[in-house]
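Here is the naming used below: chain letters follow the sequence lines, and residue numbers restart at 1 for every chain. Predicted, not measured: the structure shown is a model, and the values here were computed from it.
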Amino acid sequence: MWEEEMCIISGDNRSWQDDNSPKTVIELWCRAKSGHSVLVLVNGLRPYLEIFDPNTQSDSPMPTLSLDKVEQLKEVDGSLELVGEKLFEGEIKKFWRVFVCETWSVPKLREKIKKLGWGVTSADINFAQRLLLDCDIGPHVNIVGNVLWAGERSPDEAKNQNNTNLKLAEENINKIGGAGLYPVDMIISCTPDSLKRTSPFPTPFVIFSFDLETSIKNNKILCAAAVIQRNNHRTEHTFTGDEKSIMEGLTNLIREEDPDIITGYNIDNFDLPRMKERSEAIYGKKKMKLSELNGWGRVPLIENETKRLLPERRQNRVWRIPGRIPLDAWWQARQTLRPQRESLRYVSQLLWPDDDEMHKLDIDSSQMDREWEERPEEVLEYCVRDTIIPIDILNKLQSIGRKEALASVSMTTVDIAATATTSWWIDSLVIRLADRSGIAIPMTKSGPRRSDQIAGGYVHEVEAGMRPWIAVLDFKSMYPSIMISNNICSTTLVRNKENNSESDNISPTTKTRYISSTVRKGLVPQLLEHLMTSRDKHKEAFKKANEEGNEEQAFLQDQLQYAVKILMNSFYGVFASSFYRFTDPKLGASITEWARYNIKEIIRQLDDEGKHVVYSDTDSIFVQAPVDNEAPTSKPNSNETSIDLWNDAKTTTLDFGEKLASRFSKEGAELEFETALSAFFSHGAKKRYVGRVVWPREELLIRGYEVRRTDSFELLRETMTDMFELILDNQSWNSVEMTKTVIDDVKSKKIPASKLVISRSCKGRWDSKNKQWSFDMYSNENLPYVRAAKERIKLGLSFTPGMKVGYIVTDASSSPMKVKSWLVDELDSPPPDYDSEYYAKRLAKALGRITEAFNWSEKELLSGSRQQSLFDF
DNA sequence: GCCTCGGAAGTC
DNA sequence: CTGGGACTTCCGAGGC
């Protein structure tokens, strides 16, 4: 027997026969808290689905339906089991459990049963996930089991004669349904009841990062590098020679080192597909041979397992490598950093601006064949560096810790937190609770679908110009709070008029009814309430750990509270979507309805009292504080006399904000005083504003404007930021002068082209028929960024669908405008010559929108002189 | 040259 | 197979 704490990375299942009776074993790939990897084989759970008679609520099904016919289907294992009554779409029905011989036959079986007239539930739940649901565990578990195999890296105490003997171990593994000797440190077997939940800990994952350098002439792999990170220690490996030995080398390394996470830069769209393509170029469809080159799945290297050995791309997006997690550093950087451009060079410059070693550009990747021929050592060095940086990126962004925290709070395996979508996380919590509350689990896509959009949040009209001293108030977790306080859930939605009750919660406009929480608390409100308190607990634990100087604990608690926040915010989206189980178009509509009602009601009350609401978007309100008009809006120096006035204004605003917050907060709709602004400016468009924040910290707050957009350019971002600084300091005249200077500079080409790069993401698909990139999803391919992407491809540079493509406008006088792709990050080539008129115009247009508020138009900015009107005299 | 429209991307 | 809606801006095309 062996007992240990570990983290479940991924799960799968396989069918096997025990004395001619069908069995299904669950495989859990884990990393022990103490560092070694473990494969856990769990026997004792039978896959099933549940059926009911959709036509009746009575005790027995209609006579036309036959339980026998279901039982006789060849996919069914043994006799049906009566489950009892469950709630399904507001009605109580009687349910039977149908056991299934093999999990992979469920889709077919579902259809057969539906054809017999039965309704089907709990019929699309992943079986490994079922184990987590039934045992009520998350990724961090304590496991007690028998050791079947103890390899080199397993703890000495786990080793004995039986389990270190290869042949004997293999026999024992096969005897209980395992596939053979999995490439892990240790293999154990257990039953579901020996899996127990433990508190989360940071798992010492083993990470593998790799990079291929390939020929542009013939796509062949020239060389490769890999880095393994284990216990904060890194080892570097390089691979040269013929393609076959390079790929074998990488594969052997993975099978020996047994990493949990596979990373690299742009592996999803480049390295992984290239491995597949090149190995198939050598061995065609010979699966076993392919596995020698690319068998990265965490399963035995045997004929039966070739399907799981080879990495596979699901629905053209995420890669699946059974037992391991593919985690592309490019995608992580893109999601968390939202960089202007996405090349590895650009991102590493962004993250480590002072470390030249990390982003020096010594290899011309567009001339890789020549470089490889002339200076292979430098190419290898470059290749190694490009495997190290992705790990550094993941560390810097704390990507892995965040995935693990998300897995922990959503109680899924780490791979689901890392690669799946929001509906999987929500499923994990919702199904768990529904199973324990006598509520049936409908299939996805099964509920009523909506045809038109549901109305969203309310956005208040904003006037152009400056407003002094503003208190900004925010509803805390608005949508989740509304779901809790009004008990909004598919399990509480009143579907029939006959069931109306006086205690129902009724939505303000569509008058949708929900059973009061005093009668029955809804499933989702229950979960959300639990998440709310758990977030507060993590926040508290974070605070405490910080005070005690326990850095590791503080870090963990912060990750956890953040993960809970992400998870809570995902609920609304899933329930407002048209495909999720437990959904109804009415739910999403009711949530936003109450939200609009609440916020408009507050605005109305403030208006009635003569308090000026300057702006509001969905869950925030900007209110002008009752501050003396003389008070300065820009902070005076501490020795100036006006500093007292400024301080008074600040105190008044803080006081005002706090009073509003407590006055309008009620049960289930907590209004928080978020920030105080000494000045607020908008040119009069919704979702676009700037504020000078004076509390709780001092900063410039810019929303929506070009400053934040990637399809703007550096010079515009800089100039607009400077302009806002001046405007908020009441120096609008100076700001106009400054702007004119910049426009003049660009006109006379004094500005370097690097400040004029515009970037936009570009779609595209690989047309395997014609062996070229296609952009036929655009009704008009004549767009600047599409043309820039085509130019990149032509030059032999990498292109990934969805990547941000940078370009410079070289001539806007013709239609369509002429552009040149920006390649300086990657090729060290000279920058293109830009169309100064175009950039001057775009600056004038964007900045003119703002100066318009002070009566300086776009034209005046461009011409350099202000036209005086009659009123100026 | 000016205007309108629809497609697309981006941000909140 | 799949979180949502509101809103702004830019570009190309086409009409006059």
Legend entry - Residue mapping more 5' on DNA chain C - nearest nucleotide basis, A:Thr422 or A:Asp711: A:Thr422

Legend entry - Whole-Å gap separating C1' (C:dC10) and CG (A:Leu756): 17 Å

Legend entry - Any A:Arg849 side-chain nitrogen or oxygen under 4.0 Å from OP1 or OP2 of C:dC10: yes

Inset, instruction - Can you tell me the distance, in whole Å, between the CD1 atom of A:Ile758 and the P atom of C:dT9? - result: 16 Å

Legend entry - Short side-chain N/O contact from A:Tyr838 to OP1 or OP2 of C:dC11, under 4.0 Å: yes

Inset, instruction - Check every strand shown and say whether A:Tyr705 touches a base, only sugar-phosphate, or nothing at a heavy-atom separation below 4.0 Å. - result: nothing

Inset, instruction - Examine B:dG10: is either OP1 or OP2 under 4.0 Å from a nitrogen or oxygen in the side chain of A:Ser761? Give yes or no. - result: yes

Inset, instruction - Please report, rounded to the nearest Å, how far the C1' atom of B:dC12 is from the OH atom of A:Tyr479. - result: 12 Å

Inset, instruction - Could you tell me whether A:Gly588 contacts a base, only the sugar-phosphate backbone, or nothing, with contacts defined as non-hydrogen atoms closer than 4.0 Å? - result: nothing

Inset, instruction - Ignoring backbone atoms, establish whether A:Asn782 has a side-chain N or O less than 4.0 Å from OP1 or OP2 of C:dA13. - result: yes

Inset, instruction - Could you tell me whether A:Lys687 contacts a base, only the sugar-phosphate backbone, or nothing, with contacts defined as non-hydrogen atoms closer than 4.0 Å? - result: base

Inset, instruction - Flag this pair as yes if the NZ/CZ of A:Arg467 is under 6.0 angstrom from the six-membered ring centre of A:Phe681 and inside a 45 degree cone about the axis; otherwise no. - result: no

Legend entry - N or O in side chain of A:Arg709 less than 4.0 angstrom from C:dC10 OP1/OP2: no

Inset, instruction - Remember a base hit wins even if backbone is also touched, and classify A:His683 as base, sugar-phosphate or nothing at under 4.0 Å, heavy atoms. - result: sugar-phosphate

Inset, instruction - Just call it for A:Ser570: base, sugar-phosphate, or nothing, with non-hydrogen atoms closer than 4.0 Å on any strand. - result: nothing

Inset, instruction - With heavy atoms under 4.0 Å as the rule, sort A:Arg596 into base, sugar-phosphate or nothing. - result: nothing

Inset, instruction - Kindly say if A:Lys804 contacts the phosphate of B:dA9, meaning a side-chain N or O under 4.0 Å from OP1 or OP2. - result: no

Inset, instruction - Classify the nucleic acid contact of A:Thr421 as base, sugar-phosphate or nothing, counting any heavy atom under 4.0 Å across all strands shown. - result: sugar-phosphate

Inset, instruction - Please work out if A:Lys763 contacts a base, only the sugar-phosphate, or nothing of the nucleic acid, heavy-atom cut-off 4.0 Å. - result: sugar-phosphate

Legend entry - Residue A:Pro784, side-chain atoms from C-beta onward, closest of C:dG4, C:dT2, C:dC11: C:dC11

Legend entry - Phosphate OP1/OP2 of B:dA8 contacted by A:Ser779 side-chain N/O (<4.0 Å): yes

Inset, instruction - Could you check whether A:Tyr785 gets within reach of a base, just the sugar-phosphate, or nothing at all, counting any heavy atom under 4.0 Å? - result: sugar-phosphate

Inset, instruction - Report which part of the nucleic acid A:Ala455 touches: base, sugar-phosphate, or nothing (heavy-atom distance under 4.0 Å, all strands). - result: sugar-phosphate

Legend entry - Centroid separation A:Phe713 to A:Tyr839 less than 6.0 Å: yes

Inset, instruction - Would you please indicate if the ring centroids of A:Tyr689 and A:Phe680 are separated by under 6.0 Å? - result: yes

Legend entry - Rounded distance in Å - NZ (A:Lys686) to C1' (B:dC12): 13 Å

Legend entry - A:Asp268 backbone acceptor or donor facing A:Arg313 side chain under 3.5 Å: yes

Inset, instruction - Give A:Ile454 one of three labels, base, sugar-phosphate or nothing, depending on what nucleic acid heavy atoms sit under 4.0 Å from its own. - result: sugar-phosphate

Inset, instruction - Scan A:Gly456 against the nucleic acid and name what it touches under 4.0 Å (heavy atoms): base, sugar-phosphate only, or nothing. - result: sugar-phosphate

Inset, instruction - Return no unless some side-chain N or O of A:Arg703 is found under 4.0 Å from OP1 or OP2 of B:dG10. - result: no

Inset, instruction - Take the protein atom CZ of A:Arg581 and the nucleotide atom P of C:dG3, then report the distance between them rounded to whole Å. - result: 13 Å

Inset, instruction - Classify the nucleic acid contact of A:Thr618 as base, sugar-phosphate or nothing, counting any heavy atom under 4.0 Å across all strands shown. - result: nothing

Inset, instruction - Answer yes or no: is there a side-chain heavy-atom contact under 4.5 Å between A:Phe854 and A:Ile727? - result: yes

Inset, instruction - With heavy atoms under 4.0 Å as the rule, sort A:Tyr778 into base, sugar-phosphate or nothing. - result: sugar-phosphate

Legend entry - Ring center gap for A:Phe622 and A:His460 short of 6.0 angstrom: no

Inset, instruction - Could you tell me the separation between the CG atom of A:Leu783 and the P atom of C:dC10, rounded to a whole number of Å? - result: 15 Å

Legend entry - Spacing of A:Leu843 atom CG relative to C:dT9 atom P, expressed in whole Å: 16 Å

Legend entry - Gap between atoms NZ and C1', on A:Lys845 and C:dT9 respectively (whole Å): 8 Å

Inset, instruction - Rounded to the nearest 0.5 Å, what's the gap from CD on A:Gln624 to CD1 on A:Ile470? Could you check? - result: 5.0 Å

